[in-house]
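Remarks on the structure that follows.
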Amino acid sequence: MIKVFGLVDCHTCYVSCERIFNPKLVGKPVVVLSNNDGAVVARSDEVKAMGVKMGTPYFEIKDQVKSGKIIACSSNYALYQDISNRITKVISEFVPAYEVYSIDESFIDLTGINEDLEKLCKELKHQIYRQVGMPVGVGVGRTKTLAKLNNWASKKWKAKTGSVVVLLDAERQEKLLKFADVGEIWGIGSRTNKRLELLGITKANQLAQYDSKMLRKMFNVNVERTARELNGQVCFDLSEGPEPKQNIASTRMFGKRAYELLELRQAVATYAARAAVKLRKEKMLTSCLQIFIQTSRFDDRPYSNGTIVGLESPTDDTRELIAAAQAGLTRIFRPGFPYAKAGIMLSQFEPKSGYIPDLFAKPARRNADNLMSLIDLVNKTQGRGTLRFAAEPEAASWGMKREFLSPAYTTKWSELLKVKVG
DNA sequence: TCTGGGGTCCTAGGACCC
DNA sequence: TCTGGGGTCCTAGGACCC
């Protein structure tokens, strides 16, 4: 059976999320800022037209924000995730199989659907807009890589007002490959792009025609697969259901430099607790915790260090993880540096169900499971931070800056949108 | 002054084994 | 001058993604 893949992608996702609940932002130049209001992570079309690049540091556009030329929003991931979940629900009602690829993209499997696919995708787009308020584009092709590229084309080809591009016959697909730069292809990043240029490969069709065995030799198996996919040969299949995570990270830049061990201890405890929540959500136990601290990479005298702390026995107990993180921190902390960032990473997981501690393992603390479930439940229903460990401060000097935060419209009762009638 | 966070996969190279 | 040849496993780092 010949496969058909689609890619549904939210148009300027975070900006559109903000616009759903604040229609005043529609048609205006809007950016969404990263954590700590550090840099631009999403731009509306109006802002793109002004020449503001992705990743621009906030201070470079501060004047335009102050003077009202650009509207800034702090990122509100709880809101974006909630919108994303609603979109997934609409998709799930439309197609037999799909893969949530990221917060703003999903692959859909259209194989064997005996309908006008363009019409079907337009209807899907329409329903997502009607039910959730999110504008999306859809690209359809013989492989994931082609679906991605066709989705890109849906934004580039002005004639395609419907934002749905379906290319299933080789000739029409080839036309796009001739038009698209290799750098636009999914899986070809800036490094590979530069090296391909040296070989004289600048357009997607040239990569498709290049000897794939040579590509494997000169680059790696992924570049080879990407080239094959451009020819319609499926190398990346749909993966249904999220793969179990292999790593869990919680890392943050500080809102303000931290110098004292105490500040870092608090930060690290907060991150460890956050990672522990994610771990329990995955229903996994970890036996390896990594911790790192670093000054800003723009500092004259940078210091960066990390260490690995093995856990005595696999655990998902926040207290164990905080203790391990503190032990690691003591090893790598050096006084006198302006620390800008710290982080925790967990790895080496095993499923919690069916875990049998070995005879000599350190026993889990009493009632650990009940305590952790209770904490998670309270924090989920009453808001993050309602219950926390003593090592985590309520408000920290190094905490996140979020000057332009929108309300939690959909995830906190107290911040539900109020509608006036009459 | 101010520059994101969280992932995955692949590869090269070292350690170790017989 | 020449200096086994496979394996496996692990890790750090690179490259990519959104």
Side-chain angles (χ1 to χ4, degrees), chain A residues 7-14 31-43 52-63 65-66 72-77 80-81 84 99-107 144-145 148 151-152 182-196 215-226 235-236 239 242-257 271 274-275 278-279 281-282 288 290 292 294-300 302 306-308 338 340-349 400-403:
Chain A
L7 180 78
V8 181
D9 133 301
C10 300
H11 186 62
T12 62
C13 182
Y14 299 164
V31 295
V32 174
L33 302 173
S34 63
N35 285 325
N36 286 317
D37 296 340
V40 172
V41 291
R43 305 158 295 158
V52 176
K53 297 264 177 300
M54 188 73 168
T56 302
Y58 172 59
F59 67 85
E60 284 180 16
I61 56 163
K62 200 169 183 174
D63 289 345
V65 172
K66 296 284 176 220
C73 304
S74 301
S75 42
N76 186 343
Y77 289 103
Y80 310 152
Q81 189 59 61
S84 176
E99 171 192 345
V100 177
Y101 178 65
S102 74
I103 195 163
D104 68 339
E105 287 178 37
S106 286
F107 285 103
K144 278 179 154 183
T145 304
K148 266 282 222 187
N151 183 278
W152 169 82
V182 269
E184 304 296 343
I185 301 167
W186 184 43
I188 305 297
S190 60
R191 299 294 177 104
T192 308
N193 190 12
K194 273 194 195 122
R195 289 178 57 200
L196 285 170
L215 289 174
R216 184 180 203 136
K217 232 181 236 170
M218 290 187 289
F219 295 88
N220 56 52
V221 60
N222 255 331
V223 176
E224 182 200 1
R225 286 184 185 144
T226 298
C235 299
F236 307 118
S239 66
E243 302 289 314
K245 283 195 205 301
Q246 298 176 39
N247 295 290
I248 288 175
S250 177
T251 73
R252 286 284 182 290
M253 301 274 305
F254 303 145
K256 196 173 104 188
R257 298 283 188 269
Y271 303 158
R274 202 172 294 158
K278 292 190 206 173
L279 183 65
K281 213 168 158 191
E282 291 285 311
C288 179
Q290 285 180 70
F292 70 85
Q294 53 188 234
T295 57
S296 164
R297 63 199 156 103
F298 300 97
D299 267 357
D300 298 339
T307 186
I308 295 178
K341 184 177 183 179
I344 297 289
M345 271 171 284
L346 307 179
S347 57
Q348 292 177 20
F349 300 150
M400 230 201 309
K401 246 192 317 207
R402 293 211 279 184
E403 208 179 318

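A quick note: this is a predicted structure, and the numbers were derived from the prediction, not measured. All chains are named by letter (A, B, ...) in the order of the sequence lines, taking the proteins before the strands, and each is independently numbered beginning at 1. Every heavy atom of this structure was used, including side-chain atoms; hydrogens, water molecules and symmetry mates were not.
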The nucleotide from dC16(C), dC18(C), dC2(B) with an atom nearest the side chain of S102(A) is dC18(C)
Against the side chain of K148(A), the closest entry in dC17(C), dT3(B), dG4(B) is dC17(C)
With a 4.0 Å cut-off on heavy atoms, is [X] in touch with a base, just the backbone sugar-phosphate, or nothing at all?
X	value
E60(A)	nothing
Y58(A)	nothing
I185(A)	sugar-phosphate
D104(A)	sugar-phosphate
S75(A)	nothing
I103(A)	nothing
T56(A)	nothing

Roughly how many Å is it from [atom1] in [X] to [atom2] in [N], rounded to a whole number?
X	N	atom1	atom2	value
M54(A)	dC17(C)	CE	P	13 Å
F107(A)	dC17(C)	CZ	C1'	10 Å
K401(A)	dT3(B)	NZ	P	7 Å
R43(A)	dG4(B)	CZ	P	16 Å

Any donor-acceptor N/O pair, [X] side chain to [Y] backbone, under 3.5 Å:
X	Y	answer
K144(A)	L7(A)	no
S106(A)	V8(A)	no
N36(A)	K401(A)	yes
T226(A)	N222(A)	yes

Heavy-atom distance under 4.5 Å between the side chains of [X] and [Y], does that happen here?
X	Y	result
Q81(A)	I103(A)	yes
C73(A)	Y14(A)	no
V40(A)	L33(A)	yes
D9(A)	Y101(A)	no

Result for 5'-nearest mapping on DNA chain B, choosing between K62(A) and N36(A), is K62(A)
Please state whether the phosphate of dC2(B), meaning OP1 or OP2, lies under 4.0 angstrom from any side-chain nitrogen or oxygen of R257(A). yes
Examine dG4(B): is either OP1 or OP2 under 4.0 Å from a nitrogen or oxygen in the side chain of R297(A)? Give yes or no. yes
**Asked** What do you reckon, do F59(A) and the base of dT3(B) stack, with centroid distance below 5.5 Å and planes below 30°?
**Response** no
Can you classify the ring geometry of Y271(A) versus F254(A) as parallel (below 30°), tilted (30 to 60°) or perpendicular (above 60°)?
parallel
In terms of ring plane angle, is the pair F107(A) and W186(A) parallel, tilted or perpendicular, where the classes change at 30° and 60°?
-> tilted
Where DNA chain B forms runs of at least three Watson-Crick or G-U pairs (i with j, i+1 with j-1, under 3.5 Å), the stems are B:5-18 with C:5-18
With rounding to the closest Å, how many angstrom separate the P atoms on dC18(C) and dC2(B)?
30 Å
In 5'-to-3' order, the base (B), backbone-only (S) or no-contact (-) status of each nucleotide in nucleotides 6-15 of chain B, using a 4.0 angstrom heavy-atom cut-off, is SSSSSS----
